[in-house]
Each structure stands twice: as C-alpha cells, then as structure tokens.
Amino acid sequence: MTTTEPSSPIRTTPLPSVGDLSGRRIGAEELEALTRVITSGKLNSTVGGETRAWEAEFGAYCGVEHVVACSSGTSALHLAVAAVNPAPGDEIITTGLSDAGTVLPIVMQNAVPVFADVDPWTGILDPDSVEAAITDRTRAIIVVHLFGVPAPVERLREIADRHGVILIEDCAQAYGTRTASGALAGTVGHLGCFSLQQSKHITAGDGGMVISKGEPELARRARLFADKAWPRDTNERTHLFLSLNYRMTELQAAVARAQLPKLDGIVADRRARALRLTEAIADLPGLRPAPTEGTSYWQFPIFIDTAAAGGDGHPYAESLGSDGIGGSPGYIQMPLYQNPVLAEARTYGDSGFPLTEVHDRYARGLCPNTEALIDGRLLVIGWNENYTEQDVDDIAAALRRASERIAR
Ligand SMILES: Cc1ncc(COP(=O)(O)O)c(C=O)c1O
C-alpha cells in the first residue's frame, strides 16, 4: 500500500523478500525436478546424473570448460584454496568487507589471510592495495564482486600473472555480472566461485560451484578435494591427498538446473529496477549508488559522502525503517579480520595456528576504507527481481524523505 501523507509510513506492506516465495522464482519446474530425482531413487551424485548435468549446463552458461559442483559457496571457496595447495603459513590476499565464507576457507587450509583495503566508492578490493600486500609467501588473491558490482579483475589478473599467483573470483553475489572487458564474472581469474544459498540470484537452498577456464590442473584438484580426493574416474579406491566430502546432492543439482533458465530474466529484472532507483535518487546530496555498468545487483549499495548527506547510513536506515523499508548500514558488523576467530586466533585448540604470528595485526586501522564503509559510509538496500515499479518508487520516496530529514 502506498500513501503520500507526509507523517504516515510510505509502506505498510512488506517488499518481496528472498527469504520466501514473494521474492523467489521457484515453482513447478523445481518441483518437477525434485520429483524426477526422488522417483529415480538416486539422491547422490555418485549414482545419479543430475550433478554432472548441472555442471555441464552451468559450464555452457559461463562459457568455461570446468565446473565442480559442491555443497555451498563457502565450500566452493575451500575447494579453490585447496586447489592452490598453499603450504601452512602461505598468504592469500583478500578483503575484510564480505561474507565470512570468503575468508574462513583460507584459515581452514592453514594459510594466512592478508587483508588489502577496498575502493571507497565500490567496497571492492583496490588493486594498488593488493599489489602492495604481495610478498614472497603470497599464493593467491581472492577478490569479491561485492553486491554484484564488477571487481577490477582484468587489472588483478595482470597483477596475479606478473607475480605468479592465482586469482580467485568470489562470485557468490555476482551471477551475470559483467566485468570491464565484458566478460562474465568468474571467467577472468583462474578460478571463480559461486553460491546457491537462499539469498543468491538463483538458489537450491545451499550449494556452490567452482568454475575455471583453461586451468585443468586446478579444476581437477578442486574436484578431488570435494570427494575425499578419490579419483573415481580411474576406478581406484585411493585417497590422493587430505580432503573432505563437499559433494552437492542430486536434489540440489536438480533444483539448480530448474533455476538456471530463469537466471537471465532475474538479472535483467534486478538491473531494470536498480536503474530506475539510481535515476530516481540521482539528485539526493551525498548518496552515491553503485556504478551501474555490468552490475547484477545482489543488493543495492549506496556509498555515502557523509558531509553532503548530513549523516551516515545509520540515520538513513532508521528513517527508511520508519517508512517500512529495510536498509542495513555497513552490511556487516565488523571487518572480517576483527571477528574473534581471526583477531583472537580461535582456530585449533589453543595453538592459534596458523594465525599465531599475525593475529595482532588484525586490529582496527588495518584497512581504513573498509572500516569507514562498515562503520556507516555504506547503506545497503535489499534488492529483488520481483519488485514492482511501485515498490522501487516507494524506496525512492523513502530515501528522498530521509534525505530531506537528514541532509538539511
Ligand atoms: C561474497 C560471498 N562469499 C561467500 C559466501 C558464502 O556462501 P555460502 O553461504 O553459500 O556458504 C557468501 C554468502 O553467503 C557471499 O556472499
């Protein structure tokens, strides 16, 4: 419901949400896919054909030769790190502004996360900061296409190649994102990682994929790592190196296969609605939406010039909330490096390993741009393919009202 009364909330009904069917395109196709698996009696990928078919279909969609399906986005990143095969204490450069799933696999694999700072107007790793962090122990860079905004992966790939390290793209939030060269996110680095968790552009509840163009050795290690390093293609029952079971189930794969034909429409609808909001709020002082070029809008981030806007994301989120619109200042509660797991090295027993020597560095001040965004320079508006134009106009009206309250 919409009202123009200045004192009453702009929305009294909730916006479509990724948390339920209102904001998801899930229906008869997914049900049919699940029935197909259940009635086959083949629920595991070692006996059924859904997971291998999903890998082939997602590979064709991305234009890559190698896809390894797995159980989550976090496990996809663990597969990628394990494929790089760091020695204990080797370093992997990444961001403090992401889901923890970007970083925890580094530590699980006994490597050390090194945090580079982000661009203040995109929240994405700044290539200069990455290059400055490279040492002779660096083995990889994990860059996140945050909120579906394209990361500068062409530059990062050039830096990675020059230093002989692997570039991993975290595309959990970036299905359909197009990079500066027009490539699909995930295809410029050596490896790309995706998530099928509930809130992503497409979902199977949980699930993940590692993709690779032209890196058969890395892809093979990732595939083995997802399956106890058991080389099933050789008919041997051997275990070639230390790894776990991160297999995707046939149920997840069947749902993902039903979701894939919907993906382009979901991205197009998210983009169209995001362009509408970007235009509608262009004149609001101090509020700078994400760059639209190539962005696939997992969420709608706004980067704030707090002096011009009259405040940071906190008063804006509060004003939006009073108008029935959800907004999250900062996206995450603290930089990833300040979480107890890293800052206090809560890892294996009391050892602190592999962070024993470094966790003191995970202190405030390490990445000033990252911290300023999390402290409030960033305001994140939930985004959805099922928003109507009226929904978008309500969000714009709520932002305008917030600006009128706060910026003057
Ligand atoms: C950028 C990013 N990386 C990694 C993950 C981890 O994915 P999952 O929740 O599927 O383990 C997520 C989201 O959940 C994410 O948004």
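First listed ligand is number 1; within each ligand, the first listed atom is number 1.
If you look at L77 next to ligand 1, the close heavy atoms, those under 4.0 Å, all belong to the side chain.
A salt bridge (charged side-chain N to carboxylate O under 4.0 Å, His left out) with E30 holds for exactly one of R25, R24, K262; it is K262. Test D161, D126, D128, D119 against R155 for salt bridge (charged side-chain N to carboxylate O under 4.0 Å, His left out) and you get one pass: D128.
Using a cutoff of 4.0 Å between basic side-chain nitrogens and carboxylate oxygens, R139 and E91 are not scored as salt-bridged. Contact check on E50 versus R36 returns a salt bridge, with a Lys/Arg side-chain nitrogen under 4.0 Å from an Asp/Glu carboxylate oxygen.
For ligand 1, none of its N or O atoms has an N or O atom of Y331 under 3.5 Å away. Between T74 and ligand 1, at least one pair of N/O atoms sits closer than 3.5 Å. Between G73 and ligand 1, an N or O atom pair is found at a separation short of 3.5 Å. At least one N/O-N/O distance between D170 and ligand 1 falls below 3.5 Å. The shortest N or O to N or O distance between W298 and ligand 1 is not below 3.5 Å.
At least one heavy atom of S98 sits closer than 4.0 Å to an atom of ligand 1.
Protein heavy atom closest to atom 13 (C) of ligand 1, with residue, atom name and distance, is K200 NZ, 2.7 Å. In this structure, the protein non-hydrogen atom closest to atom 5 (C) of ligand 1 is D99 OD2, 3.4 Å.
When the heavy-atom distances from atom 16 (O) of ligand 1 to Q173, Q198, Q197 are ranked, the shortest goes to Q173.
Here is the list of ligand 1 atoms found below 4.0 Å of a heavy atom in V144: 1 (C). Atoms of ligand 1 lying under 4.0 Å from any heavy atom of S195, numbered from 1 in the order shown and given with element: 7 (O), 8 (P), 10 (O). Atoms of ligand 1 found under 4.0 Å from any heavy atom of S72, numbered from 1 in the order shown, are 10 (O), 11 (O).
Side-chain contact annotation: T102 with D99, donor-acceptor N/O pair under 3.5 Å absent. With hydrogens and angles left out, the side-chain atoms of S72 and D206 include no donor and acceptor closer than 3.5 Å.
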For the pair R11 and D391, evaluate salt bridge (charged side-chain N to carboxylate O under 4.0 Å, His left out) and give the outcome as yes or no after the intermediate values.
CA-CA 9 Å; R11 293 280 306 193; D391 292 335; 2.7 Å; yes
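The two residues F115 and L366 have their closest heavy-atom pair at CB-CD2, 4.1 Å.
Ring geometry for W230 against H239 counts as perpendicular: the plane angle is over 60°, on a 0 to 90° scale with 30° as the lower cut.
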